[in-house]
Q: 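Before I ask anything, let me first share the structure, which is written out below as structure tokens.
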Amino acid sequence: MRCFYLSSGLKINLNKSSLMGVCVDSSEIEFFSNKFHCKAGSLPFTYLGLPIGCSMNRCESWEPVLNKFLSKLSNWKASNLSSGGRLVLISVTLKCLVTLDAQSLPGETSDKVAWALERSGQFTVASMRKAYDDFYLKKSSRSNLMWTNRVPSKVSIHAWRTGHCRLPTKCNLQKRGINLLSLDCSLCGGEEETEDHLFVRCPVARSVLNDIGRWWGVNASSVNHLRDLFQWGQVLNFKGDTLKAFLAVIYTYLWLLWKMRNGKIFSSSDRGKDLFVNSQVQAYSFFWIKTRSRCSLANRWLQWCCSPSSCF
């Protein structure tokens with residue numbers, strides 16, 4: 001040990017060391033531990049929180065590790081995170097998953113864990129999202145909700161919550177036990193404020209959708225429900241970058257209309273719908289698509305305002 005210290009510069013602290021043996025009599029271990037002035041240990045032992053020297057194929061060998069995780073997770077409240085924070089946490093956690101090689105089987109073959117949703121066996125977030133879409137969204141009649149990277153994550157999350165009727169509209173707040181003075185729409189005051197009415201049937205929303213339809217050269221009369229709004233681009237047979245751009249415009253519209261609604265409630269802001277659609281939906285969607293896609297929209301602002309589908 002002295003030679004090891006002189007050659008490496010690493011000195012062993014015998015007061016913190018334990019001496020263990022494999023197939024060695026305990027009296028012999030006790031003798032040498034007294035001679036080296038260290039502790040006498042036995043297998044299995046714990047190193048860096050993990051059990052060493054026991055069979056890891058048994059479930060009980062992993063109980064100390066699981067209990068340690070549970071003791072830390074029990075005091076952690078995920079409910080305090082925002083939707084964006086939960087998305088980042090889930091994405092980072094899933095991306096950190098690795099393929100672990102298990103104990104080798106007899107011969108040259110080995111047993112390993114593989115991701116069944118990918119041919120390569122490697123985990124990808126895209127395959128997980130597709131499996132979720134195929135299994136859950138079809139059951140909930142919202143199979144046409146699409147995640148797009150043409151807009152910020154907060155805008156996609158907002159559209160996702162809108163499609164699942166999870167926004168704090170007045171009707172949803174009443175379902176959660178919150179008593180309100182009125183359930184009328186915050187923009188028009190005509191009907192109860194649901195997602196369908198607020199984003200599709202409300203006269204203010206209807207006027208904005210008609211303006212978006214004229215902007216893109218399409219008819220908005222087929223959009224009568226919220227599900228029609230999410231399917232609009234596919235019904236129009238838009239493909240590739242054109243479909244993604246049109247979807248980005250719809251998501252931008254949902255985001256800005258919701259901000260307009262909140263501004264009217266909390267800030268008494270009542271901007272005109274013409275200014276809303278012309279100066280914000282077009283501008284925000286143009287900037288987001290330009291900075292988040294491979295399509296070159298630089299110096300094409302006028303073309304975007306006149307004929308957006310011709311930009312792709």
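Keep in mind that the numbers below use all heavy atoms, side chains included, and drop hydrogens, waters and symmetry copies.
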Q: Nearest heavy-atom pair of Thr169 and Arg261: which atoms, and what distance?
A: CA-NH2, 4.1 Å
Q: To the nearest 0.5 Å, what is the distance between OG (Ser127) and CZ (Arg119)?
A: 13.0 Å
Q: Check the pair Glu193, Asn172 against side-chain contact (heavy atoms from CB on, under 4.5 Å), reporting the backbone distance first and the verdict last.
A: CA-CA 9 Å; Glu193 189 182 83; Asn172 285 341; over 6 Å; no
Q: So which atom in Leu209 and which in Ala220 form the shortest heavy-atom distance, rounded to 0.1 Å?
A: O-CB, 3.7 Å
Q: Is it true that Leu198 and Ile178 fall in one hydrophobic cluster, defined by side-chain heavy atoms closer than 4.5 Å?
A: no
Q: Consider side chain to side chain donor-acceptor pair (under 3.5 Å). Of Thr291, Thr252, Asp241, which one does Arg150 pass it with?
A: Asp241
Q: So Phe199 and His158, would you call those rings parallel, tilted or perpendicular, with 30° and 60° as cut-offs?
A: perpendicular
Q: With rounding to the nearest 0.5 angstrom, report the OH to CD distance, Tyr253 to Gln280.
A: 13.5 Å
Q: Within a 6.0 Å radius of atom OH on Tyr284, are there more than 12 heavy atoms belonging to other residues, nucleotides or ligands?
A: no
Q: Identify the two heavy atoms, one from Val204 and one from Met260, that lie closest to each other, and give their separation to 0.1 Å.
A: CG1-CE, 4.3 Å
Q: How far apart are the closest heavy atoms of Leu226 and Thr162, and which atoms are they?
A: CD2-O, 3.4 Å
Q: Quick check: does any side chain N or O of Lys170 sit under 3.5 Å from a backbone N or O of Glu192, one acting as donor and the other as acceptor?
A: no
Q: List the residues meeting side-chain hydrogen bond (donor to acceptor under 3.5 Å, both in side chains) with Ser120, not counting sequence neighbours, and say none if there are none.
A: none
Q: Hey, any chance Trp258 and Leu173 share a hydrophobic cluster, counting ILVMFWY side chains that come within less than 4.5 Å of each other, even indirectly?
A: no
Q: Can you find a pair of side-chain heavy atoms, one from Leu257 and one from Leu187, that are under 4.5 Å apart?
A: yes
Q: Under a 3.5 Å cutoff, is there a donor and acceptor pairing between the side chains of Asp25 and Ser27?
A: yes
Q: Show which side-chain atoms of residues 30-43 pair as donor or acceptor with protein atoms under 3.5 Å away, not counting sequence neighbours.
A:
unit_1 : atom_1 : unit_2 : atom_2 : d
Ser33  : OG     : Ile29  : O      : 3.1
Ser33  : OG     : Glu30  : O      : 2.8
Asn34  : ND2    : Glu30  : O      : 3.1

Q: Check whether more than 12 heavy atoms from other residues, nucleotides or ligands sit under 6.0 Å from atom CZ of Arg176, and answer yes or no.
A: yes
Q: Cluster question for you: counting only ILVMFWY and a side-chain heavy-atom cut-off of under 4.5 Å, with indirect links fine, are Val24 and Met20 together?
A: no
Q: Check whether any side-chain heavy atom of Pro308 sits under 4.5 Å from a side-chain heavy atom of Gln282, and report yes or no.
A: no
Q: Do Phe266 and Leu180 share a hydrophobic cluster (ILVMFWY, side-chain heavy atoms under 4.5 Å, transitive)?
A: no
Q: Give, for atom CG of Leu254 and atom CZ of Arg161, the distance between the pair rounded to the nearest 0.5 Å.
A: 13.0 Å
Q: Search all heavy atoms of Cys171 against all heavy atoms of Thr194 and return the closest pair with its distance.
A: SG-CG2, 3.6 Å
Q: Could you tell me whether the side chain of Arg166 reaches within less than 4.5 Å of the side chain of Trp160, counting heavy atoms only?
A: no
Q: What is the distance from atom CH2 of Trp304 to atom CZ of Phe286, rounded to the nearest 0.5 Å?
A: 8.0 Å
Q: Run the side-chain contact (heavy atoms from CB on, under 4.5 Å) test on Glu195 and Cys165 for me, step by step, so that the C-alpha distance in whole Å, both residues' side-chain angles and the decisive distance to 0.1 Å come before the verdict.
A: CA-CA 6 Å; Glu195 281 87 351; Cys165 298; 3.9 Å; yes
Q: Counting distance only, does the side-chain N/O of Ser207 pair as donor-acceptor with the main-chain N or O of Pro203 below 3.5 Å?
A: no
Q: Can you check whether Arg206 reaches Val223 side chain to side chain, under 4.5 Å on heavy atoms?
A: yes
Q: Using the rule that Ile, Leu, Val, Met, Phe, Trp and Tyr join whenever any side-chain heavy atoms are under 4.5 Å apart, tell me whether Leu229 and Val235 fall into a single cluster.
A: no
Q: After noting the C-alpha distance and the side-chain angles of Val249 and Trp215, does the key distance pass the side-chain contact (heavy atoms from CB on, under 4.5 Å) rule?
A: CA-CA 11 Å; Val249 170; Trp215 173 32; 3.7 Å; yes
Q: State, to 0.1 Å, how close Gly163 and Phe230 come at their nearest heavy-atom pair, and which atoms those are.
A: CA-CE1, 3.8 Å
Q: Any sub-3.5 Å donor-acceptor pair from Asp228's side-chain atoms to His225's backbone N or O?
A: yes
Q: Which value, rounded to the nearest 0.5 Å, describes the distance between Trp232 atom CH2 and Trp216 atom CH2?
A: 10.0 Å
Q: Should Arg292 and Asn149 count as side-chain neighbours, where that means a heavy-atom distance under 4.5 Å?
A: no
Q: Could you give the distance from CZ (Arg300) to SG (Cys306), rounded to the nearest 0.5 Å?
A: 12.5 Å
